[in-house]
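Written below as C-alpha cells is the structure these notes are about.
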Amino acid sequence: MQANKELARIFGQIAAALELLEANRFRINAHTRVARILKDMTEDIAQVVAEEPSTAIKRLTKMPGIGKATAEKIVEFLEHGTVTEHQELLQQVPSGVFDLLEIPGIGPKAAQAMWKELGITGVAELKDRLDSPELQALPRMGKKTIENIRQAIAFSEQTQNRIPLGLALPMAEQMVDALRQVPGVVKAEYAGSLRRGRETIGDLDFLVAADDPEAVRQRFTTDPAVTQVLARGDTKCSVRLSIFNVAIQADLRLVPEASYGAALMYFTGSKEHNVRLREIAIKQNKRLNEYGLFAGTEERPQDRQSSPLAVEEAAIYESLGLPFIEPERREDRGELDKLDEATSPLIQLSDIRSELHSHTTASDGKLSIEEMAQAAKERGYHSLAITDHSQSQVIANGLAPDRLRRHIEAIREADQRLDGITLLAGSEVDILIDGRLDYDDDLLAELDIVVASPHASLRQDPTTATQRLLAAIRHPLVHIIGHPTGRIINRREGLSPDMNALFEAAVEHDTVLELNANWNRLDLRDTHLRAALDKGCKIAINTDAHRDAQLDFMTYGILTARRAGMPPEACINTWAAEKLHSWLRSKR
Ligand code: DGT
Ligand code: CA
Ligand code: CA
Ligand code: ZN
C-alpha cells in the first residue's frame, strides 16, 4: 500500500502547487480528489497494475474517480518512481512554500501572497517577518490571524523536536542494511550528528556510493518507514520518515566512489569541525571539500576529476598533519587545539564488563533476578548489580525495609546458584528532597552496592539541588549517584546543581557519578561528563535496565562517553571483577 500513499501525496502536492500557481480550479480539484481517492483506497494500486501491465490503464480508469490522465500518471509512477508533471511543478514552487501550507491558518491564497508579494519561501523567513507591516498589509492578514500563525509556528517548533538518539540509531541501521542490499551498492553509511553520537538528531544523513544510483533512490524513497518524499534529485533525495509515530527527515546523498571518504567526512560534520579543518588546509596552501583534499587553495569546478592529495578520512587528517579524530569528537570543542587529548584512547562497548544498575520484578522491572542475571551473562559481564527502587518510590513498587532484607537474601541465594556471574545485592535508593537517603544506614550497610538517585522534586532551585546531591555524594555508604540531574531528553529539564561542586566532592569522597545510558536520560550528559573527567571523577555507565533488551542501551552510553573523551579506565564498568569488588568493599 506504500504506492497508494506515495501517489496520494504526489497528487496532493500537485494540487497545492497548481493552486499556488493559480491554475484552473477544476484541474486543482481533480488532483485533490484523486489524492483523497488514493488515500481511501483499500486495494494496493501497485498490485492492480502489476497483474497485467498492458491493460493497466484500462483497468485503472474503471476505478471510480480515476480518468485516463490520472491512470497514466499512476503507471508512470509505478514504472519510474516519479511523475513528470509533479517534478515540473516542484521546479516552479520553492519547497519551503509547501511548508507554509502545513501551518494551520495558512491556506494557498495566503501562502501565495507571502511568496509572490513578499518573497517569503519558508517558515523561518515568515517567522522573522511576523511583525512587519507589509505582512499585515496582505489581504485578510489581521492581527488575530498573525497571532494564530505565531502560535502555530511556536507549537510546531516544540513538537518537531530533534529526535532522541535511541530512536534514530536503530532506524538508521535498518536503512543502511537495506541500502547495502541494493545491487550495485559499493558503500553505504549514515553520517551527520548520528555518526557523531549526539543525544538528539535533527535529521538523518545517509551516504551511498553505487553503480546503479536509480536503484538506490528507488529503495530509499519507497522504504516502508517513508511517509513523504520531499525531494528526489540525481545526487540527493530527502524523505520524511516515521519512527514510532515520531517524524524525522532523512537525506540520502549519492556520491562517487572515488570521493566517498571525503564526502563521508564532509557530511559527518560537525559543520564547526569542518570549518576549522578547511582553515587549517588553507594555511597549508591546500583546500578541503567534499571531493577530497587538494593542493592549492583555489576552488576549481574540476575538483571532481582532478587528483586529490587524500580522499579517505584517515588520509586527510594525516595529510593535514593531524591525528585521526573519531567522529564523536568532531565538534570543535578543542579537539583541533589540544591534539594529545584528541588522541587519547576512547572507551568502546567491548570494554564494558559489568552492569551496576538494574531492576527486577521486585520493584518495576519485568524480569526475575535469575532472568536478569542470564541476560547479563549473555553479554559477557562478570557482575550484575540488582538495584530495585527504595520505599519512597511507591508507584514503582519500591521496597520497604523488610522486603529489601528478603530481597537481599534472594539475590544472595541466586548468586550461589548461578555460575559465571556475580550478583551484587544493591538498591537504587532515593535521595530525598533534603539530601537524606530513603533507608537507614544500618540497612544500607548490608548492601553490596548503593546507587543513590534523585527522583522527586526535580524542579528544585539550584542551591537546594546542590546541597541535596552533595549530601548523597558525601554519604560514606553511597557508591554511585544515579542519573544525577534527573533530566529527561525533550521532556524535563531536571536539576541544575553547581556541577563543579559535585565533581569536586565526588573526587574527594571517592563517589562515582553515573552516566545513565537510557536514551531518554543520557544523564550525565556529554558536556558534564567531560568536565567531570577533567576533574578526575570516576564514572559508571549503567543502563538502568528494566528488561532484557534494555541492557543494550549501553550503546548510547558509550557514544555519549566517547563524545566526552572518556578513557576506558575512568569507567568502573570496565574494571576486572576483583578490582571492582574490592572498591565496592572499600565503602563498607
Ligand atoms: P543535525 O541534523 O541537526 O542533528 O546535525 P548534523 O550535524 O547532522 O547537520 P546536518 O544534517 O545539517 O548536516 C550534516 C553534515 O553536513 C554536517 O554535520 C556538516 C555537513 N554540512 C552541512 N552543511 C554544511 C555547511 O554549510 N558547511 C559545512 N562545512 N558543512 C556542512
Ligand atoms: Ca543530520
Ligand atoms: Ca541533513
Ligand atoms: Zn533505576
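Whatever order the structure lists them in is the order used to number ligands and atoms, beginning at 1. Only a predicted model underlies this, so the values are computations on that prediction, with no experimental measurement involved. Side-chain atoms are counted along with the backbone in the values below, which use heavy atoms only and exclude waters and symmetry mates.
Taking backbone and side-chain atoms together, His546 has no N/O/S atom less than 2.8 Å away from the Zn ion (ligand 4). When distances to the Ca ion (ligand 2) are checked against a cut-off of 3.0 Å, Asp205 contributes an N, O or S atom below that limit. With a cut-off of 2.8 Å, the Zn ion (ligand 4) has an N, O or S atom of His357 in range.
Contact atoms of ligand 1 toward Gly269: 17 (C), 18 (O), 19 (C) (distance under 4.0 Å to a heavy atom of the residue). For ligand 1, the atoms sitting less than 4.0 Å from at least one non-hydrogen atom of Gly202 are 1 (P), 2 (O), 3 (O), 4 (O), numbered in the order shown with element in parentheses. Close approach of ligand 1 to Arg196 (heavy-atom distance below 4.0 Å) involves ligand atoms 7 (O), 18 (O). Near Gly192, the atoms of ligand 1 lying under 4.0 angstrom from a non-hydrogen atom of the residue are 8 (O).
Between Thr200 and ligand 1, a contact under 3.5 Å exists for no N or O pair. The shortest N or O to N or O distance between Asp205 and ligand 1 is below 3.5 Å. Residue Ile201 has no nitrogen or oxygen atom sitting less than 3.5 Å from a nitrogen or oxygen atom of ligand 1, judged on distance alone.
Salt bridge Asp548/Arg379: present, at least one basic N to carboxylate O contact under 4.0 Å. Under the 4.0 Å criterion applied to side-chain N and carboxylate O atoms, Glu326 and Arg562 are assigned as salt-bridge partners. Salt bridge status for Asp434 with Arg468: absent, with no side-chain N to carboxylate O gap under 4.0 Å.
For His475 and His509, the gap between ring centers reaches or exceeds 6.0 Å. Less than 6.0 angstrom separates the ring centroid of Tyr317 from the ring centroid of Phe324.
Ring pair His546/His359 is parallel by interplanar angle, where below 30° counts as parallel and above 60° as perpendicular.
Using a 4.0 angstrom heavy-atom cutoff, Lys271 counts as in contact with ligand 1. Within the 4.0 Å heavy-atom shell around ligand 1 one finds Thr268. Using a 4.0 Å cutoff on heavy atoms, Arg162 counts as a contact of ligand 1.
Among heteroatoms of the N, O or S kind in Glu428, OE1 lies nearest the Zn ion (ligand 4). Closest to the Zn ion (ligand 4) among the N, O or S atoms of His359 is NE2. For Asp544, the N/O/S atom at the shortest distance from the Zn ion (ligand 4) is named OD1.
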Take Phe220 and Arg232 through the side-chain contact (heavy atoms from CB on, under 4.5 Å) test and state the conclusion after the steps. CA-CA 10 Å; Phe220 182 71; Arg232 198 182 199 285; over 6 Å; no
Where do Asp223 and Met175 land on the side-chain contact (heavy atoms from CB on, under 4.5 Å) test, with the steps shown first? CA-CA 8 Å; Asp223 188 89; Met175 180 65 89; 3.8 Å; yes
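Closest to atom 8 (O) of ligand 1 by heavy atom, among Ser270, Ala168, Ser193, is Ser193.
Under the side-chain hydrogen bond (donor to acceptor under 3.5 Å, both in side chains) rule, Tyr260 has a single partner from Glu189, Glu313, Lys187, which is Glu189.
Under a 3.5 Å cut-off, the side chain of Ser270 and the backbone N or O of Arg330 do form a donor-acceptor pair. With hydrogens and angles disregarded, a donor-acceptor distance shorter than 3.5 Å links the side chain of Thr227 to the backbone of Arg240.
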